[in-house]
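Let me begin by presenting the structure, written as structure tokens, before commenting on it.
Everything quoted here is computed from the prediction, not taken from an experiment.
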Amino acid sequence: MATDTAELAELREFVERLQRDVAGVDPAAIIGIYDLEVEGWVVEPSPDRLEPPEDFGPTGMVGRIYGSDFLMLSGDEPPDGLAWLADRVQDDVMGHLMQSWPDVDQGGRTMHLEPIVHHGLVVWGHRSEPVCAIGELRR
């Protein structure tokens, strides 16, 4: 997924924004990203779960949330990989909370959001239309 310094910086910044949204609904859900090739955390997970992931190949990135590890997939373009990460985190949060997330009220009706790529950026959207930036759910 991220291979050079600029891509790693973009990944860290994206995870930081995604973490803000997740913390609004479950502060205990900490997102971590481990680089298998350099054998180190790019984004540190929960302090009580710092052990490296096991049973993954020699290269790639592994995400961690709620102590569950997953191999990060990437698309042809960097936004596709970030959208996949947001979608995976969203699925894990919903599974842990046993409820839909994120949902926003607009005009008196509840809308369930999902990560979408809009003009090269990953945002929260509804029916393929952008609603708000990742990291801006509670503002």
Side-chain angles (χ1 to χ4, degrees):
M1 176 170 213
T3 56
D4 65 27
T5 305
E7 288 177 338
L8 285 174
E10 180 182 8
L11 175 61
R12 284 186 188 107
E13 190 268 335
F14 181 80
V15 170
E16 181 179 299
R17 290 187 292 118
L18 183 59
Q19 185 66 59
R20 279 198 306 263
D21 288 344
V22 170
V25 69
D26 186 0
I30 311 258
I31 304 164
I33 307 293
Y34 190 86
D35 186 330
L36 292 166
E37 196 166 342
V38 299
E39 297 182 357
W41 291 103
V42 174
V43 177
E44 285 197 10
S46 178
D48 61 336
R49 296 189 172 128
L50 289 174
E51 68 281 348
E54 297 178 3
D55 301 325
F56 290 93
T59 62
M61 299 285 208
V62 175
R64 176 178 289 169
I65 187 167
Y66 295 118
S68 175
D69 296 336
F70 53 89
L71 187 62
M72 292 174 50
L73 304 178
S74 62
D76 295 330
E77 299 294 323
D80 294 331
L82 296 177
W84 185 92
L85 172 61
D87 186 62
R88 173 60 196 251
V89 167
Q90 178 186 29
D91 285 348
D92 284 359
V93 169
M94 289 190 304
H96 186 78
L97 298 176
M98 307 267 297
Q99 69 183 38
S100 176
W101 176 82
D103 296 321
V104 297
D105 182 50
Q106 274 203 337
R109 61 179 240 245
T110 300
M111 294 189 322
H112 175 70
L113 304 181
E114 59 188 15
I116 63 169
V117 178
H118 181 72
H119 297 297
L121 299 173
V122 182
V123 299
W124 293 115
H126 177 72
R127 296 187 178 162
S128 300
E129 292 296 321
V131 174
C132 71
I134 300 278
E136 302 292 323
L137 279 177
R138 302 288 177 227
R139 292 182 181 208

Evaluation steps, side chain to side chain contact (heavy atoms under 4.5 Å, CB included), between Leu11 and Leu85: CA-CA 10 Å; Leu11 175 61; Leu85 172 61; 4.1 Å; yes
Would you call Arg64 and Glu44 a salt bridge, taking side-chain N to carboxylate O under 4.0 Å as the test? no
Heavy-atom closest pair (Ile65 atom, Phe70 atom, distance to 0.1 Å) is CG2-CE2, 4.1 Å
Could you see if Val93 belongs to whatever hydrophobic cluster contains Leu82? Use Ile, Leu, Val, Met, Phe, Trp, Tyr and a side-chain cutoff under 4.5 Å. yes
Can you list, by chain and residue number, the hydrophobic cluster partners of Val62 when the side-chain cut-off is 4.5 Å? Tyr34, Leu36, Trp41, Phe56, Leu71
Check for a donor-acceptor pair, side chain of Glu37 on one end and backbone N or O of Gly60 on the other, with a separation under 3.5 Å. no
Side chain to side chain donor-acceptor pair (under 3.5 Å) contacts touching residues 113-124 (sequence neighbours left out): Asp21-Trp124
Got Glu39 and Pro52 here, is their nearest side-chain heavy-atom distance under 4.5 Å? no
Between the CZ atom in Arg17 and the CG atom in Leu137, the distance rounded to the nearest 0.5 Å is 11.5 Å
Considering all heavy atoms, the nearest Ser46-Ile30 contact: N-CG2, 3.5 Å
Could you tell me if the side chain of Ile33 sits less than 4.5 Å from the side chain of Val15, heavy atoms only? yes
Considering non-hydrogen atoms only, spot the tightest contact between Pro78 and Glu10 and give its length. CB-OE1, 4.3 Å
Can you hop from Val131 to Leu121 via hydrophobic side chains spaced under 4.5 Å? no
Enter the distance from Met72:CE to Asp69:CG here, rounded to the nearest 0.5 Å. 12.0 Å
At their closest point, which heavy atom of Asp103 faces which heavy atom of Leu113, and how far apart are they? OD1-N, 4.5 Å
Just jot down the ring pair (Phe, Tyr, Trp, His ring centres under 6.0 Å) partners of His126, sequence neighbours excluded, or say none. none
Heavy-atom side-chain contact between Ser68 and Arg49 under 4.5 Å: no
Kindly determine whether Trp101 and Val22 satisfy side chain to side chain contact (heavy atoms under 4.5 Å, CB included), including the steps that lead there. CA-CA 9 Å; Trp101 176 82; Val22 170; 3.7 Å; yes
Tell me, with the steps shown, if Val122 and Ile116 meet side chain to side chain contact (heavy atoms under 4.5 Å, CB included). CA-CA 6 Å; Val122 182; Ile116 63 169; over 6 Å; no
Count the heavy atoms of every other residue, nucleotide or ligand shown that sit under 6.0 Å from CD of Gln99, and state whether that count exceeds 12. yes
Taking only Lys NZ, Arg NE, NH1 and NH2, and the carboxylate oxygens of Asp or Glu, determine whether Arg12 and Glu16 approach each other closer than 4.0 Å. no
Show your working on side chain to side chain contact (heavy atoms under 4.5 Å, CB included) between Met61 and Leu8 and close with a plain yes or no. CA-CA 11 Å; Met61 299 285 208; Leu8 285 174; 3.5 Å; yes
Looking at every non-hydrogen atom in both residues, tell me the closest pair between Ser100 and His112 and how far apart they are. OG-ND1, 2.7 Å
Which atom pair, heavy atoms only, marks the closest approach of Val123 to Pro130? CG2-CB, 3.9 Å
Donor-acceptor pair, side chain of Gln19 and main chain of Ala29, under 3.5 angstrom: yes
Does Glu54 CD have over 12 foreign heavy atoms under 6.0 Å away? no
If you measure from the Lys or Arg side-chain nitrogens to the Asp or Glu carboxylate oxygens, is any gap between Arg109 and Asp105 under 4.0 Å? no
